[in-house]
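Here the structure comes first, spelled out in structure tokens, and everything after it is commentary.
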Amino acid sequence: MIDRSVLAHATILVPALLTILLTVVPRRALRAVATVGALATALPALLLTTAALTHPGEVDAGDWIAVDVAGGLLVGVVALVGGVGVLLSPAYLDSLTGALVAPPRRERLYYTVLFAFWATLTAVPLAGNLGVAWLLIEATTATSALLVAFSGKPRALEAGWKYLVLTSLGLGVALLGIVLLSAGAPHGGLTALSWGSLGDYDAGRENALVAYLLVMIGLAAKIGLAPVHNWLPDAHSEAPAPVSAMLSAALLPSVLLVAWRCQQGLVPVLGERSGQSVFVVLGLLSIGVAVPFLSRSLAWKRLLAYSSLEHMGVIALGIGFGGPLGLAGAAVHVVGHAVAKTLGFVAMTPLVAHEPQAARGPVSGIGRTQPALGSVLGLALGALSGLPPSPLLVSEMLIEAGGFASGRPWAAAAAAVLLALAFLGLFQSLLETTVGESRPRQEGRPGGLRGVTVLAGVSVLLLLGLAGAAAWLPDTQIVQALARGVS
Amino acid sequence: MSGFFSWAMVGLGLGVVMVRRRSMAVGLITLQSLAIVALALREAREAQDLIAAAGIAARAVVLAIVFLLLISRTREARAVLPSLAPLRRGGLAVVLALGLIWLLSGSGSGPCADDHGRAAISLIAFGLVTSASHRATVFQILGIVLVENGLALVVLSMPGTSWLIELGVAFDLTLLGLVAGVFHERIFVEFGGGDTRVLRSLRD
């Protein structure tokens, strides 16, 4: 077995080197290099995930890089989502009518920035301290904002601008909290902000609480948790489909992991319950804000964007409730959401080819005019809504049970009601999109459908496997290791 | 750091909130950034402190060049007026600054224990108000730079933050400024001006 530290370094360095390589390779070789690069990036990341999950008790915590079971899990998610995004990007690029730059430089800019985004994103779950994590998260903003606006259309520019300004301001607030935590540490330098050292804070609980709240509010703006979520529906709906998948399925949970590590690190100062309560409040608020939008007829990607708001709320609840049940639920939810949401977003390319109105408004009866595509949309929405046997149903039940077990019955009850409403809203959209009334549409196989259909097959296996595994997860060493964290 | 320096920082920050001309705001914010560099150099004790100061200096110069270049390439046919009058913006900024200082005063050992720290927190509040109350795209980014200037001052007033983090923040902000520049130009071309009021089509 390769050393975990070597794998962690390779996981970070390979996409970074590929970013540089993509700036110089001949134009005709771009797609081939990107495809091979995607596999080369995913390989060490997935090996690291395997190593982290098979030896969950082992933690490598340095000042710069930390590898534990949570980081390993997220690195695997980022690798899979990013890999699928790169592999299915040619279909998106072929359907593109305009872009930020002229055609000769279009693909080079796209792939270079995509790999830069992927490289920084892969490093976030492995960051060994809060300061480095912040720098990486801020760097993802610059790269992904360009991708959000890549089509160059007015709506994409608007979405990209909102994303850039709102998340940067939010991260500025988080940085203030980080500086306060650093100033209250008994020793300065980089070590002061390493996950294991956060608990050494000795400037008083009140100051620590203020700093923690600033960090949480700032990171919540990047995670897209309510009430600081305004950029999320716009950015996710206007970005290229592969980028939307990376934003929703990989970026948001990675930043959520950083917030969780901060909470875990500060337990010796703040106590467990105070820090967790912030997650519970933000989680409930996010699900509550998402529910009315999930019951409305929305354009496909916009519906998925509001579903991201709901699911980040669910994961935040799992972290907030804590315990074996809550944490197992959160872990399953991160993976299940990533699989279903990636499928949903990348299905957008064939969907627009089949029904151009899907780019701007709700569509119905896709299953009647293009059964294969309708099945893919139904699968994605069914899994996201928690329709049995979706693993998201199992994870939500685990989180609910975790809420009652942790002595937060009112929060768990409120979450149950909100999740039931969210299910009804998404289920209605599922029926409408797949078997609702249809209108005459272009016949023939839409571009990009073949790749999406293959992905749907793989997704079914992953989702069923995850649903089966979820039930026994709370009693495993993986969840015990999750609860211990890096520190 | 002297009381005069703190008040000068606050004055420059308030100036950015209240002025209407983009070039004037860029000038004020660059002056403020360079003053922070001077302070960082004066208080530097080790070589790595000098490196961090050089990072802030490079960020200030690069962003000043980028912003001035952008302004010269995107002349507005009509001035983009902020959504609030200058005095209201200034008043709002002062109220938010006082609120933040009160919130962070805590046990008396936090960043608001002296004038230096209070000035730094004021800049963060001014930056937030600048981004929120100005409609011009350039001003919204200048608000972020103002927030980061405030954070740089907080770091100087509360030693202990790693110089690598300071350097990384300067790099990230420069990158962000460059990306914001690309956005500003495209918005100008696409919408005929850098007024964020036109960026309101995405609603549910």
Side-chain angles (χ1 to χ4, degrees), chain A residues 63 100 129 131-132 134-136 138-139 141-143 145-146 149 152-155 157-162 164-166 168-169 171-173 175-176 178-180 182-193 203-207 209-211 214 233-234 237-238 292-293 296 298 302 306, chain B residues 48 100 103-104 106-111 117 120-121 124 127-128 131-132 137 140-141 143-144 146-148 150-152 154-155 157-169 171-180 182-184 186-187 189-191 196 198-204:
Chain A
D63 280 349
L100 277 177
N129 79 59
V132 174
W134 185 93
L135 292 175
L136 291 166
E138 179 78 322
T141 302
T143 48
L146 277 178
K153 291 175 183 162
R155 291 164 64 98
L157 285 171
E158 177 182 342
W161 182 259
K162 280 183 191 170
L164 187 74
V165 172
L166 294 176
S168 298
L169 285 172
L171 289 174
V173 172
L175 185 58
L176 174 60
I178 293 170
V179 172
L180 297 184
S182 172
H187 41 79
L190 203 60
T191 316
L193 291 171
R205 186 180 185 277
E206 198 180 326
N207 286 334
L209 186 61
V210 170
L214 288 171
D234 300 344
S237 59
E238 296 304 320
F293 293 98
R296 288 168 58 177
L298 293 171
R302 221 161 165 79
Y306 280 108
Chain B
Q48 55 206 38
L100 258 183
L103 181 72
L104 297 175
S107 61
S109 61
I121 298 300
I124 294 170
L128 292 172
S131 287
T137 47
Q140 295 198 340
I141 292 302
I144 295 172
L146 197 49
V147 169
E148 302 284 350
L151 288 164
V154 174
V155 168
S157 73
M158 306 180 82
T161 307
S162 163
W163 64 280
L164 284 167
I165 301 289
E166 289 182 57
L167 208 58
V169 172
F171 174 76
D172 271 359
L173 188 61
T174 309
L175 194 65
L176 206 68
L178 292 172
V179 172
V182 172
F183 268 90
H184 168 75
R186 287 295 303 195
I187 288 170
V189 169
E190 206 64 50
F191 296 95
T196 52
V198 297
L199 303 178
R200 286 181 183 173
S201 66
L202 295 168
R203 284 171 184 273
D204 291 309

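Letters A, B, ... mirror the listed sequences (proteins, then strands); counts begin at 1. Note: hydrogens, waters and symmetry copies are ignored here, and every other heavy atom, side chains too, is used.
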Pair Leu180(A), Leu104(B) - check side chain to side chain contact (heavy atoms under 4.5 Å, CB included), show working. CA-CA 10 Å; Leu180(A) 297 184; Leu104(B) 297 175; 3.9 Å; yes
Among Val182(B), Leu173(B), Ile187(B), which residue forms the greatest number of heavy-atom pairs with chain A at distances under 4.5 Å? Ile187(B)
Quick check on the interface: out of Val189(B), Ile124(B), Thr137(B), Val147(B), who has the most heavy-atom pairs with chain A under 4.5 Å? Thr137(B)
Interchain contact, [X] with chain B, by part (heavy-atom threshold 4.5 Å):
X         : answer
Ile178(A) : neither
Ala211(A) : neither
Leu214(A) : side chain
Ala139(A) : both
Val210(A) : side chain

Are Trp161(A) and Ile141(B) side-chain neighbours, meaning at least one heavy-atom pair lies under 4.5 Å? yes
Hey, could you give me the CD/NZ distance between Gln140(B) and Lys162(A), rounded to the nearest 0.5 Å? 11.0 Å
If you round to the nearest 0.5 Å, how far is CG of Leu157(A) from CG of Leu199(B)? 8.0 Å
Where do [X] and [Y] come nearest, in terms of heavy atoms and distance?
X         : Y         : answer
Gly172(A) : Leu151(B) : O-CD1, 3.5 Å
Gly152(A) : Glu190(B) : O-OE1, 3.6 Å
Val179(B) : Ala145(A) : CG1-CB, 4.5 Å
Ser168(A) : Leu176(B) : OG-CD2, 3.2 Å

Take Leu176(A) and Ile121(B) through the side chain to side chain contact (heavy atoms under 4.5 Å, CB included) test and state the conclusion after the steps. CA-CA 9 Å; Leu176(A) 174 60; Ile121(B) 298 300; 3.9 Å; yes
Would you sort out whether Glu148(B) and Leu175(A) count as a side chain to side chain contact (heavy atoms under 4.5 Å, CB included), showing the intermediate values? CA-CA 9 Å; Glu148(B) 302 284 350; Leu175(A) 185 58; 3.8 Å; yes
Non-hydrogen atoms of chain A under 4.5 Å away: do they reach the side chain of Ala180(B), the backbone, both or neither? both
Between Lys153(A), Arg302(A), Arg155(A), the one whose heavy-atom pairs under 4.5 Å with chain B are most numerous: Arg302(A)
Report the option among Val132(A), Thr141(A), Leu100(A) that has the most heavy-atom pairs separated by less than 4.5 Å from atoms of chain B. Leu100(A)
Do other residues, nucleotides or ligands put more than 12 heavy atoms under 6.0 Å from the CZ atom of Phe191(B)? yes
From CA spacing to verdict: side chain to side chain contact (heavy atoms under 4.5 Å, CB included), Ile165(B), Trp134(A): CA-CA 9 Å; Ile165(B) 301 289; Trp134(A) 185 93; over 6 Å; no
